[in-house]
Amino acid sequence: MEQPKGVDWTVIILTCQYKDSVEVFQKELEIRQKREQIPASTLLLAVEDPEVHVGSGGATLNALLVAAEHLSARAGFTVVTSDVLHSAWILILHMGRDFPFDDCGRAFTCLPVENPQAPVEAVVCNLDCLLDIMSHRLGPGSPPGVWVCSTDMLLSVPPNPGINWDGFRGARVIALPGSTAYARNHGVYLTDSQGFVLDIYYQGTEAEIQRCARPDGQVPLVSGIVFFSVETAEHLLATHVSPPLDACTYMGLDSGAQPVQLSLFFDILLCMARNVRREDFLVGRPPEMGRGDMETEGYLRGARAELWRELRDQPLTLAYVPDGSYNYMTNSASEFLHSLTFPGASGAQVVHSQVERQGAGTYLNMSWSKFFQKTGIRDWDLWDPDTPPTERCLLSARLFPVLHPLRALGPQDMLWMLDPQEDGGKALRAWRDSWRLSWEQLQPCLDRAATLASRRDLFFRQALHKARHVLEARQDLSLRPLIRAAVREGCPGPLMATLDQVAAGAGDPGVAARALACVADILGCMAEGRGGLRSGPAANPEWVRPFSYLECGDLAGGVEALAQEREKWLSRPALLVRAARHYEGAGQILIRQAVMSAQHFVSTEPVELPAPGQWVVAECPARVDFSGGWSDTPPLAYEHGGAVLGLAVRVDGRRPIGARARRIPEPELWLAVGPQHDKMAMKIVCRSLDDLQDYCQPHAPGALLKAAFICAGILSVHSELSLSEQLLCTFGGGFELQTWSELPHGSGLGTSSILAGAALAALQRVAGRAVGTEALIHAVLHLEQVLTTGGGWQDQVGGLMPGIKVGRSRAQLPLKVEVEEITVPAGFVQKLNDHLLLVYTGKTRLARNLLQDVLRSWYARLPPVVQNAHNLVQQTEECAEAFRQGSLPRLGQCLTSYWEQKKLMAPGCEPLAVRHMMDALAPHVHGQSLAGAGGGGFLYLLTKEPRQKEALEAVLAKTEGLGNYSVHLVEVDTQGLSLQLLGTETSTGCSF
């Protein structure tokens, strides 16, 4: 499922306490922009708080000023103007105070979650979750203005929280439900029936909390999120020039003003609450501010007076999200771990240490007394003798070695405490000999950039193991987000090396081909959308050597040669795209080898050789696919398993596809492509093996016919004998083969595969061999791989086998197709004939481009494509049941959903003119779909009324912009492939 469109933020600001962290966190924002978590046009700013203890209100005012200043400069102003806020969506994220459980604060605390929909895989931090909530859940629909969000809480918000922005003005707080017990140590809102905030209580009395309770017993918690309309944001911004509030901003401090501490909720927002009186507000103080002297209290009173004057008339409303949840990230280790773990998880053990003071803490799940007993460490090793007992905790314990006089320190100098060994006290003595620091002493020395880089390095190291496991275990898990992460963060090399190792060591061609496809994805991603289309030719001479290894079955040698050649193509986007195409070409070689396992099921029986000059004629119906198409396409057919329901059909009463063959005395091959008696048919004479060398180039004249002679075993292009010698030795002469189709090119009715089946059937019979239809189905699979067109098995199943049937292949090699005839109620075939019509759209489909895109998506295991593959197979069985019941409406539903599945599999397969045509026909049909891969060709439909050809022609005649369409009768063919021997004709070179 695609990520819903989120807010197109104008500015995102991340506030932080420390000046030396600004550059680090700025880079983190930019990394998230590269990951597509943040729109590319968004201005990103990491902003230092003017003072360490400026408070959430002061940090908000300062951030708003910085945003307005940057937007004013971008708009060409030389002074700050609030006009720039009128068309801006601004998000301010507050880092807040230090966090004992993460060196980089609560915002960058790693969470045990994954985001399968993320375009780029990465470690998920609390900041990422909050960005997603603000961009895709709370923010959409809001007018221009300023969102402010703390990062000190874990939030859960449903996809559609139902916030109404009609007629909104003022400020709005977002509240999430909590219990009355939780509210005793937290902030809650008191509102009236219209949603206006009356008061805000922090650690309120039992009576105050009960007043806030809602009918379900929950109370609306202060969740750290607020929205300011443009009008209210302008009023707030205006205070930055008014003493003493100017001291909340960097401008005021740079001007020498005395810092002032303000709370966002209990100073800025509280003055807007309806039940708050001015006298009470001026003498109050925010809970985050301790007791101060008289001068500080007077300074705060002046700041609150200015806020009251500027903001009192602004309405403050509440949006309550009853299905959400809120958890403040406290300094309690047990509470923090409880919020991150799943209750009842079997086999999970959390090793943690509580940092609470007052002597109640633990270390490594042990009380201090037990820790001392187990390790031999004593309290005087950790704390000075004059340290009060209440201050003896993990924060102040000198536990961590940083320097040893004789050797380098390593992890073992801490890990020994987990399981002290009988080593005569060696580890303990080494620990005591080291210079040690406490957590409090280490905190100021933190290198947050190194911490974040170390996390990223660890992520990519485990990512290499993940990539290997996903491929080798054949998991339907997409590696594309991981590929994007490796490329965008500058480390694609190790991932490509891992994929090389997987491909070279794979015993399964499917695993190897998928690994090579992943390398192609990396190269394509490195091109960054430049360098041309991903689909294109893959036959550059420089890649012949690695391809030849693969063709010969030397997988390891081929992968190594591919990697060597790859290094020469990394310098610019155009080369990267071309290299990606060649890696996909290498994968096609492996697919071809896997599909050729279908030869296992090709067998013939000797029969009487026809007389020279006697024609063997093969005629076939076309096919219409009713469900399951694409699931028959390699590698889906043998990696996932396929099921397709198809009908053999006559078009306008005719079997439109055929081939005829006969023996001729000349030791040559005479080939003709075109209608049987048309003098304009393309004619080719092959007198040597050189004339056959282009059999594997699909667009070469007569390539399919040449491939048919090779796959039928009539000749070998690698033989030391000449063509004439091979033909004379085995058959005493040559052959004439002609194929034809009365259907337009790109019809979508399976022409090329059915034509290959007809040609093979005629050739085998004229060569004195009989081949069964099941064997012929597998022989066509083999031929199409030799021809290098690829393709699945549904076309030949649909056209060579009669009537209505389901073809199936299992998720295994060798690839075997099994066919089940579907029995329908008496008279239903005629009813179907009366309601089934074909409409030629006048558009030629480009199935090969569609095929490349589908294979790329399958190898990437994109979740929608994997799910769609499951749905295609499942719906085929439902469609078969609809045929057994003889239900036209159900079949129509199958067709309609089948077309949606095709479009999901191959986006772009529905031309605009075809959409207009389908819309015009929709009121008259049970269901409709383009045949085959789509993109053009024939549209087939089930009409609601019988015999509607003329009626629908009239409908289409009134529809503009359709081009050269035509409507055709269609009926189920109950014969399938037919073979007949005709009379003898004398061949003459001049007649050919």
Side-chain angles (χ1 to χ4, degrees), residues 621-629 644-656 743 747-750 794 798-799 801-806 821-841 875-902 914-915 917-932 934 937-959 962 965-976:
R623 74 94 184 91
V624 168
D625 54 315
F626 255 67
S627 186
V644 181
L645 191 149
L647 280 63
V649 295
R650 300 184 182 218
V651 180
D652 292 328
R654 299 172 61 86
R655 294 150 59 80
L743 299 172
S747 67
L749 299 182
Q794 66 146 311
M801 301 285 286
I804 305 165
K805 60 272 170 182
V806 173
E821 181 181 351
I822 302 300
T823 303
V824 298
F828 181 70
V829 170
Q830 183 56 49
K831 183 178 180 182
L832 186 63
N833 293 341
D834 290 341
H835 289 263
L836 190 59
L837 283 175
L838 282 177
V839 180
Y840 183 60
T841 63
Q875 184 173 289
T876 294
E877 305 304 333
E878 296 171 3
C879 188
E881 187 58 32
F883 269 105
R884 294 186 187 102
Q885 294 177 1
S887 171
L888 287 179
R890 279 193 63 187
L891 288 175
Q893 292 172 5
C894 288
L895 278 187
T896 300
S897 59
Y898 181 34
W899 179 234
E900 294 304 315
Q901 291 169 341
K902 285 185 180 183
V914 172
R915 181 70 263 163
M917 181 179 289
M918 296 178 81
D919 289 343
L921 295 172
H924 307 280
V925 302
H926 288 301
Q928 54 187 326
S929 172
L930 280 177
F938 277 94
L939 174 71
Y940 55 98
L941 40 95
L942 276 177
T943 62
K944 293 178 179 177
E945 301 297 328
R947 296 176 291 280
Q948 290 291 293
K949 181 175 183 290
E950 290 77 11
L952 294 191
E953 284 175 334
V955 170
L956 294 176
K958 298 176 183 176
T959 306
L962 297 186
Y965 66 88
S966 55
V967 183
H968 301 267
L969 295 173
V970 61
E971 59 189 90
V972 177
D973 179 89
T974 56
Q975 187 177 2

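Numbers here simply count residues along the sequence, with the first being 1.
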Point to revise | Residue that, paired with Met917, satisfies side chain to side chain contact (heavy atoms under 4.5 Å, CB included) out of Val955, Leu930, Thr959, Leu962 | key: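 Filter result, single survivor: Leu962.
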Review point. Just one of Leu942, Leu939, Leu969, Val925 clears the side chain to side chain contact (heavy atoms under 4.5 Å, CB included) bar with Leu837, so which one?
Key: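 Testing Leu837 for a side chain to side chain contact (heavy atoms under 4.5 Å, CB included) against Leu942, Leu939, Leu969, Val925 leaves exactly one candidate, Leu969.
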Are any non-hydrogen side-chain atoms of [X] and [Y] less than 4.5 angstrom apart?
{"X": "Tyr965", "Y": "Tyr840", "answer": "no"}
{"X": "Leu749", "Y": "Leu838", "answer": "yes"}
{"X": "Val839", "Y": "Tyr940", "answer": "no"}
{"X": "Arg655", "Y": "Asp973", "answer": "yes"}
{"X": "Arg650", "Y": "Val970", "answer": "no"}
{"X": "Phe828", "Y": "Leu888", "answer": "yes"}
{"X": "Arg890", "Y": "Gln885", "answer": "yes"}

Review point. Can any side-chain N or O of Lys805 pair as donor or acceptor with the backbone N or O of Met801 at less than 3.5 Å?
Key: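 Yes, because the side chain of Lys805 sits within donor-acceptor range (under 3.5 Å) of the backbone of Met801.
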Review point. Do side-chain atoms of Thr943 reach the backbone of Gln948 as a donor and acceptor pair under 3.5 angstrom?
Key: no
Point to revise | Results of side chain to side chain donor-acceptor pair (under 3.5 Å) for Ser897 - residues two or more places apart only | key: Gln875
Practice item. Using side chain to side chain donor-acceptor pair (under 3.5 Å) as the criterion, list what pairs up with Ser966, not counting sequence neighbours. Key: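 Result, side chain to side chain donor-acceptor pair (under 3.5 Å) vs Ser966: His968.
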**Study point:** Rounded distance (nearest 0.5 Å) linking atom CG of Leu645 with atom CD of Glu881
**Key:**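 That separation rounds to 11.5 Å.
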Check your understanding: Is the shortest distance from a Lys or Arg side-chain nitrogen in Lys902 or Asp625 to a carboxylate oxygen in the other one below 4.0 Å?
Key -> yes
